[in-house]
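Read the structure below first, then the notes.
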Amino acid sequence: MPKPVETAADAIVVPTPPQTFDLTLEEFCARLSGSDRSVEMIAGFYSDERAKGVDKDTSENFTERYAAFATRPA
């Protein structure tokens, strides 16, 4: 007797747990203040992100935008 063929509908899909987690803007800035002593720069970044409506994102995205903010002309 031939073995039944497994179809995609029969397969059990186990979702992969997320590898990165979202941080709040406040949490990111608090962590950043531990390594970057430019409190005015961090406060400016916080205000800029709030004005854009950003409340949560990954640490990598926040770090990338902070680096761009730090080199942006005033």
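- S33 places a side-chain N or O within 3.5 Å of a backbone atom of A30 that can act as its donor or acceptor partner.
- Taking CG of N61 as the reference point, atom CG of D22 lies at 8.5 Å (rounded to 0.5 Å).
- Applying the salt bridge (Lys or Arg N to Asp or Glu O under 4.0 Å) rule to pairs touching residues 61-74 yields D48-R72, E49-R65, D57-R65, sequence neighbours excluded.
- Residues V13 and P15 come closest through the heavy atom pair O-CD, 3.7 Å.
- The CZ atom of R31 lies 12.5 Å from the CD atom of E26; values are rounded to the nearest 0.5 Å.
- The two atoms that bring L25 and V54 nearest to each other are CD2-O, 3.7 Å, heavy atoms only.
- Partners of S38 according to the side-chain contact (heavy atoms from CB on, under 4.5 Å) rule, which considers only residues two or more places apart in sequence or in another chain, are D36, M41.
- Using cut-offs of 30° and 60° on the angle between ring planes, the pair F62 and F45 is perpendicular.
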